[in-house]
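To keep things clear, I will list the structure first and then write my remarks on it.
Labels below follow one simple rule: chain letters A, B, ... track the order of the sequence lines, proteins then strands, and each chain is numbered from 1. Heavy atoms only: backbone and side chains are in, while hydrogens, waters and symmetry mates are out.
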Amino acid sequence: MIASSHVARGTIFEMRRYNPSEIEPRWEAIWEQEEAFRAVEEEDGRRRFYKLHMFPYPSGDLHMGHAEAFAISDIIARYRWMQGHNVLHPIGWDGFGLPAENAAIKRGIHPKEWTYRNIEDQGRTFRSYGMSFDWTRTFATCDPEYYRWTQWVFLKLYEKGLAFRKLAPANWCPKDQTVLANEQVIQGRCERCGTPVVRKDLTQWFFKITDYADRLLDDMELLEWSDRVLTLQRNWIGRSYGAEVTFEIAETGEKIPVFTTRPDTLWGVTFFAFAPEHPMLGRLAEAGGTSAAVKELQDRLQRIGAAERDEALSREGLALGVHAVNPVNGEKVACFVAPYVLMEYGTGAIMGVPGHDQRDFEFAREHGLEIRVVIQPPGQDVAPDQLAEAWPHEGVMVNSGPFDGTPSPESIDAVTRWLEKEGKGRAATSYRLRDWLISRQRYWGAPIPIIYCPSCGEVAVPEQDLPVLLPDDVDFSPHGESPLAKHEGFVQVACPRCGEAAKRETDTMDTFVDSSWYFLRYTSPHDDQEAWSRESVDRWLPVDTYSGGIEHAILHLLYSRFVIKVLYDLGYLGFVEPFTTLVNQGMVLYGGEAMSKTRGNLIELGPTIQKWGADTIRLTVMFASPVQDDVDWATVSVSGVHKWLGRVWRAVFAAAEAGSGSRGGFGTAGDGDAAAPAGDELRRLAHRTVKAVTADYERIGFNVAISKMMSLTNELQRALDGGVRGEAAREAAEKLVLLLAPMAPHIAEELWHEALGHTDLVSKAPWPTWDEGLAKVQEVVMVVQVDGRVRDRINVAADATEEECRGLALASQRIKKFLGGREPIQVIVRAPKLVNLVTLAD
RNA sequence: GCGGGCGUGGUGGAAUGGUAGACACGCUGGCCUUAGGAGCCAGUGGGCGAGAGCCCGUGCGCGUUCGAAUCGCGCCGCCCGCACCA
């Protein structure tokens with residue numbers, strides 16, 4: 001018994017105005033009191049449904065972007081409750097991260113205080129938005145009770161050899177004396193001070209995600225995600241098939257492999273090039289007598305950023321004075337150092353084929369190197385000096401010794417097999433994906449649980465010593481190394497193995513590590529014995545529907561998939577993909593631009609709810625466009641939706657009153673027979689609407705679902721005005737309220753109790769059903785076409801046969817007029833909707 | 001350059017290969033009201049017509065089909081991602 005003051009049927013109805021500011025807080029309090037949306041851990045025969053939305057970053061309060069995203073999540077969760085599922089719909093916060101630190105530096109308050117204050121604000125706004133979260137399971141990733149287990153996950157990867165340190169170039173701002181994440185480098189400059197960023201080599205921690213490249217690609221077939229996101233991930237991993245071919249340096253005898261996707265162009269190699277960071281370069285330059293010039297080039301590159309390097313150096317290069325021997329024909333070609341060769345991809349060295357690669361072509365032109373045609377476009381005979389650009393496409397091999405005449409694409413396999421047989425190379429696969437750099441020289445993150453001992457070396461913090469607590473009293477302004485490095489109490493530690501004085505790792509983890517496993521923790525959020533209970537995780541996971549912004553299409557989703565696969569391999573989980581279905585919502589724009597604080601066009605959610613009510617906002621963002629499309633808040637009509645809710649309010653109260661008097665049954669009119677057919681029609685419409693709207697909920701077509709509910713509202717009111725009374729009116733009103741409940745839960749509860757007199761929560765009420773017979777249309781408008789043009793419309797019974805339709809169409813006076821005596825040469829009948837009379841021969 | 005997506009009224013958007021523009025916003029006219037960010041009614045793709053109605057119309061072109069916004073091919077334009085990835 002929840003309703004405090006529901007009005008019994010048959011009493012005098014008091015027609016109140018729709019007043020969301022009075023209704024909404026009341027129902028929010030009731031849901032919370034009743035723990036209406038608490039996921040049930042025990043087995044109770046219901047299907048479990050895990051609805052997750054990407055947890056928010058606690059910077060400031062919620063804005064309209066959150067309004068759109070979380071409305072989708074909440075509607076799905078509430079719909080599943082009404083479908084009789086046991087729903088897990090949790091919320092937490094991605095608490096660590098740079099913005100907290102920067103905001104804190106700017107405002108002079110501690111990141112912790114700033115973060116937890118924002119979490120509190122956001123939580124309050126979520127409640128006033130009517131979110132059906134299970135509030136008993138909430139946490140933030142910056143809680144020590146949480147990051148303890150993030151550190152534990154790190155240790156599991158470390159034990160498996162998947163977390164390791166290596167020297168790697170980082171983005172370094174010389175002014176701020178700090179390492180920057182890629183996202184903080186805007187066009188080669190520091191996002192904060194505008195100083196050009198330089199490369200600096202630092203020893204940093206990585207996760208070996210590259211080991212999982214194939215599985216991350218191949219398991220995509222298990223996912224119901226949009227092609228868009230899957231393609232983004234596929235491109236990001238960037239798997240290429242080809243061959244590794246070993247060249248030999250003529251002067252030193254050193255062997256150096258290169259990766260190529262086009263082994264069929266091997267006879268077109270006219271030069272060889274190394275990346276400027278290639279480790280062999282020093283020795284080769286020495287052998288070639290070019291050490292000074294090479295050193296000068298390397299130093300210059302070191303000083304400038306990656307972006308500038310791309311533009312300024314384009315096809316620059318320097319001959320090393322040594323030669324590489326092409327294994328297929330024994331030719332010696334000149335070796336270069338060239339900045340367009342990347343150390344990070346393949347082997348850091350390339351074979352140069354100017355005839356068939358545009359970059360090699362431009363390089364050859366620049367340096368006066370030979371251009372050779374070894375793949376002839378089909379049916380053509382192109383001489384090298386006729387080439388205006390490289391020919392990277394398919395063709396027939398020429399000037400290629402034993403392979404002359406071999407057509408691509410078979411030529412690639414043929415040459416690869418030959419290389420393997422001759423011991424000159426082998427089939428190989430290369431990836432664009434790099435290992436995941438997780439070190440951050442920052443304060444506000446989870447400390448990496450590693451200790452460096454002078455005797456024992458790198459030692460993992462024992463599990464029972466977790467968490468490695470982040471100290472509060474730290475000077476977190478940037479100084480070029482982690483702020484933790486200056487905190488003696490943190491750094492100094494006894495070696496867990498030998499007890500000697502040792503030092504802690506002072507870098508913290510990338511926040512993407514925190515968010516790569518948080519969805520597991522919701523299943524047992526307060527467990528202080530283990531990160532998650534295997535039993536509980538197996539019950540709830542994988543997530544049934546995961547929703548969130550497209551901006552996380554690559555990093556967060558890829559990292560989570562990777563971590564889950566590792567944990568599966570280690571036996572901690574029983575599934576390989578965390579998120580079965582993914583829904584990406586569009587952005588909320590303002591005047592065609594993304595909302596942002598700096599632009600000053602950020603519409604906050606809290607005040608907007610104050611003004612219109614949560615239900616109106618939820619419906620407005622859902623009605624404005626399909627969920628995956630953007631919404632421009634500058635052009636939406638909040639008042640249109642608000643007015644509709646007013647009509648729903650009045651119609652449902654009126655219907656309840658009209659339905660309370662006579663209980664005579666469906667279609668019975670209170671005042672006269674005239675309304676009986678209208679009541680019958682209303683009833684059919686109600687059933688038809690339930691069927692259609694249910695399908696819309698299933699496919700997440702919320703904008704269309706709303707339009708159908710609007711139509712039902714309009715017809716209900718019209719029917720009431722036309723004198724419809726009794727069950728027909730009441731049933732239509734009930735079904736409307738039930739259909740509306742996931743989207744506008746507050747007004748739905750109020751009407752369910754106050755107008756319709758129920759005592760249970762509509763939020764947990766069974767989803768409305770429909771009668772197929774009633775939902776079926778009785779009479780339809782049949783379109784009669786002559787030669788594909790609509791010439792008449794005839795009302796026919798929905799079950800009219802093909803023969804009946806044909807007869808009606810041919811009997812039509814209008815159609816006779818259009819036929820003008822001609823006999824149709826063909827009659828297409830699609831009973832009962834369409835007849836097409838064809839008179840034209842083609 | 002490569003990959004993906006998208007082009008429908010003044011606007012947001014509907015439309016299992018079968019009535020294009022549902023449902024709204026906006027606008028126009030009218031009614032009601034002391035008043036209203038209220039309510040109600042009618043109209044609203046373009047052209048022609050007094051009207052019944054006719055013609056045109058989903059970026060452009062070609063095609064498949066009795067029939068195309070929808071399927072295929074070729075353009076044009078816009079958006080997003082990656083970008084010297086060998």
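Taking only side-chain nitrogens and oxygens, A:Asn703 comes nearer than 4.0 Å to OP1 or OP2 of B:rA14. Regarding contacts with the backbone of B:rU19, every side-chain N or O of A:Lys833 stays at 4.0 angstrom or more from both OP1 and OP2. Taking side-chain N and O atoms only, A:Arg789 has a distance below 4.0 Å to OP1 or OP2 of B:rC56. Look at A:Thr231 and you won't find any side-chain N or O under 4.0 angstrom from OP1 or OP2 of B:rG81. Side-chain nitrogen and oxygen atoms of A:Asn235 include none within less than 4.0 Å of the OP1 or OP2 phosphate oxygen of B:rA83.
Of the listed nucleotides (B:rG81, B:rG53, B:rG12), B:rG81 has the atom at the smallest distance from the side chain of A:Ile554. In the set B:rC40, B:rG18, B:rC66, the nucleotide with an atom closest to the side chain of A:Val838 is B:rC66. Considering only side-chain atoms of A:Lys643, the nucleotide from B:rA14, B:rC84, B:rG39 that sits closest is B:rG39. Taking every side-chain heavy atom of A:Arg228 into account, B:rC80 is the closest of B:rC80, B:rC23, B:rC40. The listed nucleotides are B:rC23, B:rG13, B:rA86; the one nearest the side chain of A:Pro626 is B:rG13. The side chain of A:Tyr345 has B:rA86 as its nearest neighbour among B:rA24, B:rG39, B:rA86. Nearest to the side chain of A:Leu342, among B:rA86, B:rA15, B:rC23, sits B:rA86. Checking B:rU19, B:rA14, B:rC54 against every side-chain atom of A:Arg793, the shortest atom distance belongs to B:rU19.
Exactly one residue among A:Val374, A:Val353, A:Asn326 makes a side chain to side chain contact (heavy atoms under 4.5 Å, CB included) with A:Leu266. That residue is A:Asn326. Each of A:Phe206, A:Tyr559, A:Tyr212 was scored for a ring-ring contact (aromatic ring centres under 6.0 Å, His included) with A:Trp436, with one residue passing: A:Tyr559.
Side-chain rings of A:Phe702 and A:Tyr697 approach one another, their centers coming within less than 6.0 Å.
Contact annotation for A:Leu232: backbone-only contact, meaning every heavy-atom pair under 4.0 Å involves sugar-phosphate atoms and none involves a base. Note on A:Asp632: nothing from the nucleic acid sits closer than 4.0 angstrom, heavy atoms only. At a threshold of 4.0 angstrom between heavy atoms, the contacts of A:Tyr431 with the nucleic acid are absent. Residue A:Ser226 is out of contact with every strand shown, counting any heavy-atom pair closer than 4.0 Å. Nucleic acid contact for A:Gln785: base, since at least one base atom lies under 4.0 Å from a heavy atom of the residue. Nucleic acid contact class of A:Trp612 (heavy atoms, under 4.0 Å, all strands): base. At the heavy-atom level, A:Lys708 lies nowhere under 4.0 Å from the strands shown. At a threshold of 4.0 angstrom between heavy atoms, the contacts of A:Thr260 are confined to the sugar-phosphate backbone, with no base atom among them. At a threshold of 4.0 angstrom between heavy atoms, the contacts of A:Ser637 are confined to the sugar-phosphate backbone, with no base atom among them.
B:rG53 takes the anti form, because its glycosidic angle lies more than 90° either side of 0.
Remark: C1' of B:rG39 and CZ of A:Arg718 are 15 Å apart, rounded to the nearest angstrom. Rounded to an integer number of Å, the gap from CG of A:Asn836 to P of B:rC66 is 10 Å. As a whole-Å value, the separation of A:Gln628 CD from B:rC6 P is 10 Å. Rounded to whole angstrom, the span from the CG atom of A:Leu555 across to the P atom of B:rC82 amounts to 9 Å. If you take CD of A:Glu344 and P of B:rA86, they are 14 Å apart, rounded to a whole angstrom. Rounded to an integer number of Å, the gap from A:Leu834 CG to B:rG17 P is 15 Å.
Taking for each of A:Lys611 and A:Val790 the nucleotide of RNA chain B with the nearest heavy atom, the 5'-most of the two is the partner of A:Val790. With the nearest nucleotide of RNA chain B identified for both A:Val641 and A:Arg791, A:Val641 has the one nearer the 5' end.
A salt bridge is defined here as a Lys NZ or Arg NE, NH1 or NH2 lying under 4.0 Å from an Asp or Glu carboxylate O, and A:Arg372 with A:Glu331 meets this definition. We find that A:Asp264 and A:Arg262 are joined by a salt bridge, their nearest charged nitrogen and carboxylate oxygen being less than 4.0 Å apart.
Annotation: B:rU58 and B:rU70 have their P atoms spaced 9 Å apart (nearest Å). Nucleotides B:rG53 and B:rG17 place their P atoms 31 Å apart, quoted to the nearest Å. Comparing the same atom, P, in B:rA22 and in B:rU11 gives a spacing of 15 Å after rounding to whole Å. With P as the reference atom, B:rC55 and B:rG1 are 45 Å apart, rounded to whole Å.
Between A:His642 and A:Tyr18, the two ring planes are tilted [angle within 30° to 60°].
Using modelled atom types, one finds no donor on one side chain facing an acceptor on the other under 3.5 Å when comparing A:Arg228 with A:Gln628. A:Tyr340 and A:Asp360 share a side-chain donor-acceptor pair at under 3.5 Å.
The base of B:rG18 lies close enough to the side chain of A:Arg830 for a donor and an acceptor atom to sit less than 3.5 Å apart. Interface remark: the A:Arg432 side chain does not form any donor-acceptor pair with the B:rC82 base, using a distance-only criterion of under 3.5 Å.
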